[in-house]
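If you read the sequence from its start, that first residue is 1, and numbering goes on from there. As a basis for the values below, the full set of heavy atoms in this structure was taken, side chains included, without hydrogen atoms, waters or symmetry mates.
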Amino acid sequence: MTERLDARPEILGDPPTAVRRDDELPADAIAQMLTAPSAPALMEKLGITGQDAEELAPLLPRAAEDAEILAEVTRTANLLRAGAGLTTPTVGLESFAQAQNALQERLAPGEGLIAILAHLVSTSTVREWHAARGLTAQQSWLVLADLGQQMRVHRRSSGRLGLHQVGWTALNWAGRLFHLGRLQFDLHRIDEGTGRERWVLGTHIPADGPLDPDAVEDSFARATAFFTEHFGDLDTARPADAPRFGHEFRCESWLMNPVLVEELGAESNIGAFVSRWEIIDTAPGADGAAFFVFGVRPPYDPATLPRSTRLERAVAERLADGRGWDSGTGALVR
């Protein structure tokens, strides 16, 4: 490896607000990383296992040998490496997806392969950010292992290797998303540009099991403890009447719909979760509900969606009869 690979990034602010790498890795360094003997171990740390790992491994040297693909992986990796922290805009990987997916056809059909490779070789900056904010190595790798989780979600819906949530994984690499028990939480600002601008904790529900109320409660408690410990400085300069930082949550999701409480009951896992929130905004969200409940993306025929559970019936019947589905934004203070 070159000395550039070992150079430590610059940490800005006290407490840290950002990490910067001013250098850009050249394509030959990216090729070395893709073909390094340590690549399989790195994939495992990033949660890439099973069939995904088996299919991805032989594509690494092929990507390193294709000059055009390597150049695109290098460009994307350097964008991800450009910075992590509270002041860095999240990289808009979605804007590159169409061109990158066309390019990846040389290696494999599908979507997201170039983004996956770019994530694979660009962990150093975000891990430095995590360390600067006091996270352990184990906590840091747990965040980055969401890449493998999103690849498994992609396989369940498409049946093949890939990644469609490239914008989501870029948020992981920006260092503002954390996995704490059953739930995930991100740092973001609300009411921007007003006198009430402040940091809150966005709440996300990974597709990896039931929403057991005890597990959910544990996640919220862990989130308050984690963020007040590692980001306690964000409690300053808040509106006087705003909740304390670490106690104010938002959730933008297809789950933020009171129909779920009516159909499933407030005592159900999902009903209990929805009942926690005050829904403060709604918007059409049929495609989001279709994906998270049935694993389908447009185009799909709502009439053919399964109805084997109460949840499936509640969503499918509304999509099929024209009532549609509203996603919402929930607010919670605890």
Side-chain angles (χ1 to χ4, degrees), residues 44-50 84 86 119 123 126-127 129-131 133-154 156 165 168-188 190 199-232 234-235 243-256 260-261 264 266-279 288 292-293 311 328-334:
E44 185 173 1
K45 286 185 175 181
L46 295 177
I48 305 172
T49 58
L86 304 175
H119 283 81
T123 63
V126 63
R127 294 196 63 233
W129 163 250
H130 287 159
R133 277 289 178 168
L135 275 69
T136 66
Q138 182 180 11
Q139 289 173 318
S140 181
W141 285 119
L142 180 61
V143 171
L144 302 183
D146 196 36
L147 176 61
Q149 163 67 10
Q150 295 303 323
M151 291 170 64
R152 287 188 288 276
V153 170
H154 179 276
R156 286 199 293 269
Q165 294 277 44
W168 175 263
T169 51
L171 184 61
N172 281 282
W173 262 242
R176 293 195 293 272
L177 181 68
F178 302 91
H179 198 149
L180 301 169
R182 176 64 184 88
L183 305 174
Q184 292 171 313
F185 301 90
D186 78 88
L187 283 165
H188 69 272
I190 63 170
W199 290 96
V200 299
L201 305 182
T203 305
H204 308 276
I205 307 97
D208 60 0
L211 276 171
D212 178 77
D214 290 340
V216 168
E217 181 62 26
D218 174 70
S219 277
F220 280 121
R222 290 170 65 174
T224 296
F226 175 88
F227 285 100
T228 53
E229 175 184 358
H230 296 288
F231 296 92
L234 301 186
D235 197 38
R244 295 287 304 275
F245 172 73
H247 296 266
E248 186 176 14
F249 299 82
R250 290 289 189 273
C251 182
E252 297 182 14
S253 173
W254 70 274
L255 284 168
M256 294 294 100
L260 291 169
V261 181
L264 307 181
E267 74 286 354
S268 67
N269 286 350
I270 291 177
F273 182 81
V274 177
S275 296
R276 291 174 177 267
W277 302 87
E278 176 191 358
I279 298 176
F292 287 106
V293 177
L311 174 60
T329 299
L332 172 66
V333 176
R334 63 186 309 282

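Residues S253 and I205 come closest through the heavy atom pair OG-CD1, 4.3 Å. Here the closest non-hydrogen pair linking S275 and V261 is OG-CG2, 3.7 Å. A pairwise comparison of heavy atoms in G175 and W129 identifies O-NE1, 2.9 Å as the closest pair. Taking all atoms of both residues into account, the shortest heavy-atom contact from L187 to L86 is CD1-CD2, 3.9 Å. Heavy-atom minimum distance, G47 versus R152: O-NH1, 2.7 Å. V274 and L255 make their closest contact through CG2-O, 3.1 Å (heavy atoms, listed as atom of the first residue, atom of the second, distance).
With rounding to the nearest 0.5 angstrom, the CZ atom of R133 is 12.0 Å from the CZ atom of R176. To the nearest 0.5 Å, atom CD of residue Q184 and atom CG of residue D186 are 9.5 Å apart. Taken from CG in D146 to CH2 in W173, the straight-line distance is 8.0 Å, to the nearest 0.5 Å. In this structure, OG1 on T224 lies 9.5 Å from CZ on F245, to the nearest 0.5 angstrom. Atoms CZ and CE, on R250 and M256 in that order, are 12.0 Å from each other to the nearest 0.5 Å. Distance check: R127 CZ to K45 NZ gives 6.5 Å after rounding to the nearest 0.5 Å.
The aromatic rings of F227 and F178 sit perpendicular to each other, their planes meeting at more than 60°, with 30° as the lower class boundary. In this pair, F220 and F273 present their aromatic rings parallel. The plane angle is below 30°, not in the 30 to 60° band.
Contact of the Q150 side chain with the N172 side chain is not registered, since no non-hydrogen atoms from C-beta on lie closer than 4.5 Å. No side-chain heavy atom of L201 sits under 4.5 Å from any side-chain heavy atom of E248. In this structure, W277 and T329 have side chains that are not in contact, with every pair of non-hydrogen atoms separated by 4.5 Å or more. Residues V333 and E278 are not in side-chain contact: their nearest non-hydrogen atoms beyond the backbone lie 4.5 Å or more apart. Inter-residue side-chain proximity for N269 and L264 is flagged as unmet; no heavy-atom pair is nearer than 4.5 Å. Under the 4.5 Å side-chain criterion, counting only non-hydrogen atoms from C-beta, V143 is not in contact with V126. Annotation: side chain of L46 is in contact with side chain of T123 (closest heavy-atom distance under 4.5 Å). Put simply, the side chain of R182 reaches to within 4.5 Å of the side chain of D208, judged on heavy atoms.
Looking at W199, its side chain never comes within 3.5 Å of a backbone N or O of L234 through a donor-acceptor pair. Judged by distance alone, with hydrogens and angles left aside, the side-chain atoms of S219 form a donor-acceptor pair with the main-chain N or O of L183 at under 3.5 Å. H204 contributes no side-chain N or O that, together with a main-chain N or O of F185, makes up a donor-acceptor pair within less than 3.5 Å. Here the side chain of H179 pairs a donor or acceptor atom with the backbone of G181 at under 3.5 angstrom.
At a threshold of 4.0 Å, the pair R244-D235 counts as salt-bridged, since one of the basic side-chain nitrogens sits closer than that to a carboxylate oxygen.
More than 12 heavy-atom neighbours from other residues, nucleotides or ligands sit within 6.0 angstrom of CD on Q139.
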